[in-house]
Every structure is written in structure tokens, then in C-alpha cells.
Number of protein chains: 4
Amino acid sequence: MPASRSKSRTDAERNRARVLEVARELFAELGDQVQMAEVAKAADVGIGTVYRHFPTRQALVEAAAQHRFAEILDFARERCLAAPDPGVGLDLLLTGIGEVLAKDRGLSGAIESAMGSAEPSGDSRTALEGLAGTLLDRGRAAGSVRDDATVTDVYMIVCGLAAVIRTGSGDWRRFVRLALDALRPGRPSSPTG
Amino acid sequence: MPASRSKSRTDAERNRARVLEVARELFAELGDQVQMAEVAKAADVGIGTVYRHFPTRQALVEAAAQHRFAEILDFARERCLAAPDPGVGLDLLLTGIGEVLAKDRGLSGAIESAMGSAEPSGDSRTALEGLAGTLLDRGRAAGSVRDDATVTDVYMIVCGLAAVIRTGSGDWRRFVRLALDALRPGRPSSPTG
Amino acid sequence: MPASRSKSRTDAERNRARVLEVARELFAELGDQVQMAEVAKAADVGIGTVYRHFPTRQALVEAAAQHRFAEILDFARERCLAAPDPGVGLDLLLTGIGEVLAKDRGLSGAIESAMGSAEPSGDSRTALEGLAGTLLDRGRAAGSVRDDATVTDVYMIVCGLAAVIRTGSGDWRRFVRLALDALRPGRPSSPTG
Amino acid sequence: MPASRSKSRTDAERNRARVLEVARELFAELGDQVQMAEVAKAADVGIGTVYRHFPTRQALVEAAAQHRFAEILDFARERCLAAPDPGVGLDLLLTGIGEVLAKDRGLSGAIESAMGSAEPSGDSRTALEGLAGTLLDRGRAAGSVRDDATVTDVYMIVCGLAAVIRTGSGDWRRFVRLALDALRPGRPSSPTG
DNA sequence: GATGAATGAGCATTCATTCAT
DNA sequence: CATGAATGAATGCTCATTCAT
């Protein structure tokens, strides 16, 4: 019965997608301390199903964050790459990220860790890499970005931004502006560098 | 006989101090999810004693972080204020903080939250305030710090720094250098500012 | 396959029932300070299972008491309503209750509180209400119960009876007899009434 | 130094009295779940002092209840024995007890247990015994109390009354009236007696 | 594949009681 | 005698994960 087989596969996919979607919503609303059972219930599946698709709580959190971050980047890509002035690309990127993080209580934590140790496949760092690289290159060419800027700088800045937003330690838009200034060409980085 | 009285009090103080010290070590080593029982055991006191001095797990975590952060600042104060060149003060401060955070896995999280919502008394933000303010003033006077820099900027930077270190998203010394560049006078903050 | 579904449900029901049964036994034997872990162990289930069915210790205590009290009333109902002489109905009821309470150390406390503030649904007071009302009516008709007797009088008497039995302050059968005399028609209640 | 000796003794007495007084107040206000440390603090003594005078929590609870109950009885004695009509003596006694219990959240429990197992010396049952005996005798002589009434009947009634008040299972004044009716001479106690 | 009942280690916190000073 | 810091067993409850159906 290939039909039933493929039907099941489709159902399974649907379940996975629904779980992921629900998880993203709950994490956004309640932060990442949401319980697995809550996710299952909200997705209207059994808790076992959640575990079938995401072997671990951590896996679900990461998958949700990854998915969300990919969304962010897709959106940012459109705006940034379409920007006439390459100088504003990074601004748009960081501001875009900030806006999403500011609305999503659970996301910041996940993004911060995602900026950390790179995992084998499909991770958020990698997703960011291409876009950030392009923007840095363009900025450099346009003279609006310092020569020694790297994507890792952007990782760190995004990580810091997420923390600033999560803890509310200040106005994150100011933080973004400071970060852009830091990446601008000017006098060389401090002499100790 | 105040002696006998003060002897007990002294012992209690000693216990409190030992608990705090042990807690700091454990938090540094294992992160801040260490259990109260572990702390008690490591401090060689009953768990009740821990609770006598710190009514809540959270209270202990905060006290430990506060204590540690105070240490950092004391040390930083010496070096920073003694620095002949006011331009290096902030560098010394941030680098000093970074070095401690880099050694203390559990501290970063605590510092990050401390940079968030200010609490009434004795909090880490306040501790940082005086020193950061002084350094910013001096730097401004010496022309090495931009005019619009505020202590809140420093809070955000420290918060970001802690996150960068905690997650290992890049070379934190580079992050510090970028931050210093951001605080340097130069072209005005981005036009949107 | 509703069978497999209902099999699980049946098992769960069985577990719930076993927990309740074990709880009743332990409460009867040891009083209602029995720990949740003891109940779980005696029921041979994990402690989580106990909590799945009874979200709170208090919930378990109440459920156990309710269940027991319902048993009492079922039994009493048979005997009381079947009694040829309506005059002995209340006697059978109170004596029946007393006999069970006398055997069950943990039950008295629960019954006493159940006689207090009425809760929305399924509570012991309500369970008692119908039977007591019927018996009072019959007794009144037969001239063996005073006109102004109410079910609340019975609540209070049951509550007092439970306390007498729990504390062993005297021969509870005597207390029942006194209570019956109090409910008998005779000279009017004290003039202040 | 006999002076210092006797001075200490006096102080100790004072402490004991203060602890007892404070305990009665706290039990009345908060119920008998008050902690030993609270009592010590409110009495402005060390917790060790509380334990010196009352070796056990239970001992303190009982002592407090005893003391309170003695007060009640002293007061009741005045009124009851002074009553011109012996028929109202018991009424005054039970109503007096009820009024105090109704005001004192922590007392009921203690009184109930006091009505239980008689302890060697100075207990509440004994305190009640003389007065209740006298009132029963007078009532019997006056024909307002049934011949077979005993002080144990009164113990049970007081115990029941305390439970009724504690749980709020009904109007305790009604309970008192029912109790008095039960003790009145009339048709013989139920035939099973 | 899906379900959800069961699991049970883990955890923060309480409080009567002891005992060195 | 008074003190109060120390004790630590006890307790109610949580939740990620497993597995029989």
C-alpha cells in the first residue's frame, strides 16, 4: 500500500511542522521554559509524537530558533540586498534582527547559543554567514566598513545584541548604532590590537 | 561577656563567608545550576545553614555574583584609576571584566541579568556606575571618548561581553576592541541616531 | 482500534483506583499525615503517577475521604431506608458512620473538614444531605424527630462525632445516643432559641 | 550569691510566663501551626529559652491551651456558680466556652485533644471536671438535668463543640442548645442504651 | 507512526530540636 | 540560665523522557 505509506509520511511531516510552529509561538510568548507537554497539547498531538520528531527538548528549542532565525534572515536578505546604498545594509540587518528578538522572549537565548559553537549542519551561524559576508564586502567596497571586519565580528555583535534585548540592559537600538560605529572605518582598532 | 557573644557571631560570619566562597567556586566551575545541597556539602555545613544566610537559591546566586563582581571592580578600580593615560582606563576595565568572566562559567549569566533591571540596593549595576562614570568623564576630557557616551552604554557592552564569553561566539578581546572603537569620538553616530 | 485505546485508559483507571484504595488504607492506619511517596510505594507505582491522578496531596486526602464517606453512606442508605421503623433510621445512620470512623484513624479529620465549608461539587456534605433529609422527614412524620431539626444539625453532629472518636474523649455510642435524644421532640429547645 | 540565684529564678519565671502569654496570643491569632522560632521572637527570648521551659512543641501547645482553658473556666465558674437558677448553669458554661473558642482559632484543636487522653497532672479535663460535676449535680437536683448525665458527657460535648466551631459546620449556638436538650431529663435514652 | 500513562531522580525549601558558647 | 547558629531529615512537587499498546 504505497498510498497509505505516503499518506503516513505526509501526516508525519505535517505533525512535525505543526509541532515546530506551535513551539515557536510558545517560546516566543512564554520564553524557552515551556514544557514539552505544553507544546504537545498546543500542537494537538501526543507527547510521544513530539519526541519522535525532536529527540530532545534541546533539539526542539534549537530547531525552533533555527527556523525563526532563518525567517529573519530571509526577510533581512530581501531588504538588505535591495538597499540601494550598501552602507545601510548592516544597519538593516542588525535592526531587523533586533526587532524580531525584541518581540520574541524565547528567541534571544536560543540565538545567543546559536552564535556559539557551530554545529555540523543547518545552523543559524551558517545561515547568517552568507548574508553578513556579502554585506561586509559591499560595505568595505563602499568604504563604509572597516577592512578588518569579519563575519565573526557580526556573530559576536548579534550575540551581544540578543543579550542586551533579553536582559533589557539598555536601549538596544543604541547598541546597534554603537556596533555600526565600531565596524566603520576610522582610526585603527586600538593599538593593542 | 561580649566575647562569647561575638565569638558565635564571628563563627556565623565565617560560615556565611565560607558558603559564599564555595558557592562562587562551584558556580564558576559548574555554572549556576548548582544545587543548594551541593553547596552545603562543599562548604561542609548543613543545608539549613545555607538557607539561614541566603533565604533562597536565587539570593545565593545573586550574592555570589555580586561579591564576585565587586571583586572585579575593586581590582579594576585600582588599575584603571592608577592608569596614567585616561585613554586606557576603559580598556583596562573591560579587559579586566572579560578576564574574570572568561574564567568563571557561572558568572556571566549573573552579570548579564545584573545589567538588566536595576534593583534597589547593592546591585552590580550600581557598583559599576561610579567607576564607569569616572572613566567616561576622564576619557571625554582627554578626547578619547565620544561626548554622547553614557554609563548605560557601558552596561550594554558589559552585558554583551558576558554573553559573547559565555557562548564563545568569538574572540572576546576583539569584542572589547570593537566596543572601545565604538565609544571613541569620530564621525557622529549613524544618521538615524 | 478503540480496544487498545481503552486498554490504556483502563489501566490508568486501575492505577487511579489502586492509589485511592491504598491511600484510604494508609490514611486509616496512620492518619492523614502519610506522605505521598509512601502512598506511591504501597500502590507500587511511581510518585509521578500519584500526582497525575491527584494533583495535590490535599486532593488525594479529600478524594480518599470522599470515597470512604460515599461508601459509608451507600451502606447506611441500604440499612436506613430499609428499616421498617423510621424512628431508628437516624440511629442507624449515625451509628454506621461512627463505626467506620472508629476504624479509620485518618478519616475523622477529613470528615470534620468536609462538614465545614461546602465545596462546589461532589462533596461529602452533599452526599449526606439527601439521606439525612429523608430520614429527618420520615422521623418527623413518625413523631420521632423534632420539627425544627435540619440537615445542618446533622452536619454538626457528625462533625462532633468525628472529633469525639478521633480524640477518644469518651464513648462515642453514648454521644450518638445523646445526639438522638437531642433531635427527639420534647420540650421546646431552650427558651433562648 | 543567693541574691543572683534568686534573681535568676525570678527571671526564668518571668521568661516562662512571657513565652506562655505570647504563645497563647499567637496560637489564638494564627492557629497552632505557629513556629517555635516565631514564639521565641515575639517573646523576645532566644529559642533555646522556649525549649528550656517547654521541652517540646507539643508541650508548649498544651500548656498554652491549658492556661487558656483555665481562664475560661475561672470566668465560667464565676458566672455559673453565681447563677440563681441552676438550670442555666450548663448553658452558661457551654456558651462561655463556645464564645472563647469562636474567637481563638488555635484553641479549638488543643481543647479537642485535651478532652481526649487524660494526662497525669494539671490537664484541662481535670480543670473542667469540678465545675461540670457541680453543675450537673445542681441540675439533677433541680430536675433540669437527666440522672445519667456524667462529666464525660460534658467532655464529649465540649470536644464536639470545639470541632463544630473550628470547622464552621454550622451555628455553634444551635449545637449548644441541642446539647443542653440532650442532657435534659425526658424519655429515657434510646432503648439500645 | 502515534499515543499518553508511567516513571522517578531531582529540587528548593521548612522547621523542630540540639548544643557549644 | 540564656542564646541562636547549626542541623538535616522530611516533604510536596516538577518534568524530561521512555515504552507498552
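Labels below follow one simple rule: chain letters A, B, ... track the order of the sequence lines, proteins then strands, and each chain is numbered from 1. All heavy atoms count here, side chains included; hydrogens, waters and symmetry mates do not. What you are looking at is a predicted structure, and each value in this text was computed from that prediction instead of being measured.
With values rounded to the nearest 0.5 angstrom, R14(C) atom CZ is found 12.5 Å from E21(C) atom CD. Atoms OG1 and CG, on T49(C) and D44(C) in that order, are 10.5 Å from each other to the nearest 0.5 Å. Interatomic distance, CD of E38(B) versus CD of Q33(B), reported as 8.0 Å (0.5 Å rounding).
For the pair R52(A) (side chain) and R16(A) (backbone), a donor-acceptor distance under 3.5 Å is absent. A donor-acceptor distance shorter than 3.5 angstrom exists from the side chain of R57(B) to the backbone of V34(B), with no hydrogens or angles considered.
For DNA chain F, runs of at least 3 consecutive pairs of the Watson-Crick or G-U wobble type, with both hydrogen-bonding distances under 3.5 angstrom, map to E:2-21 with F:2-21.
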Show the atom names and distances, to 0.1 Å, of all donor-acceptor pairs under 3.5 Å that link a side chain in residues 22-30 of chain A to residues at least two apart or in another chain.
from	atom 1	to	atom 2	distance (Å)
R24(A)	NE	H67(A)	ND1	3.3
R24(A)	NH1	H67(A)	ND1	3.4
R24(A)	NH1	E71(A)	OE2	3.2

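Closest non-hydrogen pair, A163(C) versus E112(D), comes out as CB-OE1, 4.0 Å.
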Legend entry - Sequence-aligned protein contact record of nucleotides 9-15 of chain E, with B where the base is within under 4.0 Å of a protein heavy atom and S where only the sugar-phosphate is: B-SSBBS
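Between the C1' atom of dA6(E) and the CZ atom of R14(C) lies a distance of 15 Å, rounded to the nearest Å. Residue R18(D) contributes atom CZ, which lies 15 Å from atom P of dC1(F) at whole-angstrom precision. In this structure, D11(C) atom CG and dA20(F) atom C1' are separated by 9 Å, rounded to whole Å. Put simply, CZ on F54(B) is 14 Å from P on dA5(F), counting in whole angstrom units. For R16(D) and dC1(F), the CZ to P distance is 12 Å, given to the nearest whole Å.
Checking the phosphate oxygens (OP1, OP2) of dA6(E), a side-chain nitrogen or oxygen of H53(C) falls inside 4.0 Å. OP1 or OP2 of dA5(F) has not a single side-chain nitrogen or oxygen of T49(B) nearer than 4.0 Å. Regarding contacts with the backbone of dA2(E), a side-chain N or O of R52(A) is found under 4.0 angstrom from either OP1 or OP2. Contact check, N15(B) against dA5(F): no side-chain N or O comes under 4.0 Å of OP1 or OP2.
Taking the side chain as every heavy atom from C-beta outward, L20(C) and L60(C) approach each other to under 4.5 Å. Between R18(C) and N15(C) the shortest side-chain heavy-atom distance falls below 4.5 Å.
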